[in-house]
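Since we're looking at a predicted model, the values are computed, not measured. These values consider heavy atoms only, across backbone and side chains, with no hydrogens, waters or symmetry-generated copies. Just so you know, residue 1 is the first one in the sequence shown, and it goes up from there.
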Amino acid sequence: AGRDKAIALAEKEGVNIRYEVADAAHFVTHESFDAIACIFFHLPAPLRQAFHVRIIHWLARNGHFILEAFTPNQLQYHSGGPKDIGLLMTSDMLAAAFSELHIMENTETLTVLDEGLHHQGTAAVVRFHGIKM
């Protein structure tokens, strides 16, 4: 459903996107990308760390990486997200993982979700935007 929504929005806005659905543990590409987004894409720590290294490699020069994910503070809210603290991210974790990028935004904040039955209400998220120089 997310893929369909993203493609429809891109068409409406006249933007070309490539939306990949793949196994994060085994996805390999020799291409580079102008933008990579991970939105509420929660992985176990060892896999997340390896995947983040690959993201840096995949970004083209001046490529943007955008992430939004739940933080450990989300455990106190009932608006969705993993209940395993090992799957949640902090701004400090992202600053360390993406120190090679020029960080434009790396903030933890509260937001209100309205994304269907199981994603309603206050949520604790981290928002990250980095550029590969």
Side-chain angles (χ1 to χ4, degrees):
R3 180 184 183 279
D4 293 343
K5 184 176 180 180
I7 289 171
L9 181 60
E11 287 176 2
K12 176 183 172 194
E13 297 296 327
V15 176
N16 293 320
I17 67 169
R18 177 174 163 189
Y19 191 111
E20 293 282 336
V21 178
D23 181 336
H26 303 290
F27 180 71
V28 176
T29 183
H30 299 290
E31 297 180 67
S32 60
F33 300 93
D34 295 326
I36 298 173
C38 293
I39 308 300
F40 297 108
F41 181 58
H42 296 272
L43 299 169
L47 178 55
R48 179 179 61 239
Q49 292 159 357
F51 196 73
H52 286 173
V53 168
R54 288 187 276 159
I55 286 171
I56 294 168
H57 178 74
W58 293 330
L59 283 172
R61 186 171 184 266
N62 295 316
H64 295 253
F65 175 60
I66 299 163
L67 175 143
E68 183 163 287
F70 291 112
T71 70
N73 291 334
Q74 178 62 14
L75 295 174
Q76 65 186 308
Y77 298 102
H78 303 286
S79 55
K83 300 307 177 205
D84 177 348
I85 197 165
L87 296 173
L88 304 173
M89 290 175 251
T90 67
S91 58
D92 288 342
M93 292 165 64
L94 294 170
F98 294 103
S99 63
E100 294 178 45
L101 302 183
H102 177 72
I103 298 174
M104 302 296 293
E105 179 181 9
N106 187 16
T107 56
E108 294 185 32
T109 189
L110 294 179
T111 191
V112 177
L113 298 181
D114 186 16
E115 300 293 330
L117 181 63
H118 299 290
H119 294 97
Q120 296 285 321
T122 301
V125 301
V126 59
R127 292 180 174 147
F128 181 90
H129 175 200
I131 302 173
K132 184 174 182 178
M133 303 309 274

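Checked against the 6.0 Å centroid criterion, the rings of Phe41 and Phe51 qualify as a close aromatic pair.
Dense packing is recorded around CD of Glu105, with more than 12 heavy atoms of other residues, nucleotides or ligands lying under 6.0 Å away. Within 6.0 Å of atom NZ in Lys83, more than 12 heavy atoms from other residues, nucleotides or ligands are found, so the atom counts as buried in its surroundings. Within 6.0 Å of atom CG in Asn16, 12 or fewer heavy atoms from other residues, nucleotides or ligands are found, so the atom counts as exposed in its surroundings.
Minimum heavy-atom separation, Leu88 to Arg48: O-NH1, 4.1 Å. Thr29 and Glu31 get closest at one heavy-atom pair: OG1-N, 3.1 Å. The two residues Ile56 and Ala97 make their nearest non-hydrogen contact at CD1-O, 3.4 Å. Scanning both residues, Phe33 and Arg18, for their nearest heavy atoms gives CE2-NH1, 3.8 Å. Considering every non-hydrogen atom in both Thr90 and Pro72, the closest pair reads CG2-CD, 3.7 Å. Listed here is the closest heavy atom pair of Pro82 and Leu75: O-CD2, 3.8 Å.
Between Ser32 and Leu59, the closest side-chain pair of non-hydrogen atoms is not below 4.5 Å. Counting heavy atoms from C-beta on, the side chains of Cys38 and Ile55 come closer than 4.5 Å. For the pair Phe40/Glu68, a side-chain contact is recorded, criterion being any heavy-atom separation below 4.5 Å from C-beta on. Taking 4.5 Å as the limit, some side-chain heavy atom of Thr111 sits within range of a side-chain heavy atom of Arg127. Two residues are said to be in side-chain contact when any heavy atoms from C-beta on lie closer than 4.5 Å; Met93 and His52 fail this criterion.
Rounding to the nearest 0.5 Å places CD1 of Ile17 at 13.5 Å from CG of Asp34. In this structure, CE on Met133 lies 7.5 Å from CZ on Arg61, to the nearest 0.5 angstrom. Going from atom CG of Asn73 over to atom OG1 of Thr122 covers 12.5 Å, rounded to the nearest 0.5 Å.
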Query - Evaluation steps, side chain to side chain contact (heavy atoms under 4.5 Å, CB included), between His129 and His64 - result: CA-CA 7 Å; His129 175 200; His64 295 253; 2.6 Å; yes

Query raised in the report: Given Met89 and Leu67, is the side chain to side chain contact (heavy atoms under 4.5 Å, CB included) satisfied, shown in steps?
Result: CA-CA 10 Å; Met89 290 175 251; Leu67 175 143; 4.0 Å; yes

**Report entry** Test side chain to side chain contact (heavy atoms under 4.5 Å, CB included) applied to Leu113 and Tyr77, step by step
**Finding:** CA-CA 11 Å; Leu113 298 181; Tyr77 298 102; over 6 Å; no

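For the residue pair Ser79/Glu115, the side-chain donor-acceptor check at 3.5 Å is not satisfied.
In the hydrophobic clustering of this structure, Val125 groups with Ile39; members are Ile, Leu, Val, Met, Phe, Trp, Tyr whose side-chain heavy atoms approach within less than 4.5 Å, directly or through other members. Under a hydrophobic-cluster definition in which Ile, Leu, Val, Met, Phe, Trp and Tyr are linked whenever side-chain heavy atoms come within less than 4.5 Å, directly or via other members, Val21 and Ile66 are assigned to different clusters. Hydrophobic clustering (ILVMFWY, side-chain heavy atoms < 4.5 Å, transitive): Ile131 and Ile103 are in distinct clusters. Hydrophobic clustering places Phe27 together with Phe65 (ILVMFWY residues linked when any side-chain heavy atoms are closer than 4.5 Å, directly or through intermediates).
No donor-acceptor distance shorter than 3.5 angstrom exists from the side chain of Glu108 to the backbone of Ala124, with no hydrogens or angles considered.
In this pair, His42 and Phe70 present their aromatic rings parallel. The plane angle is below 30°, not in the 30 to 60° band.
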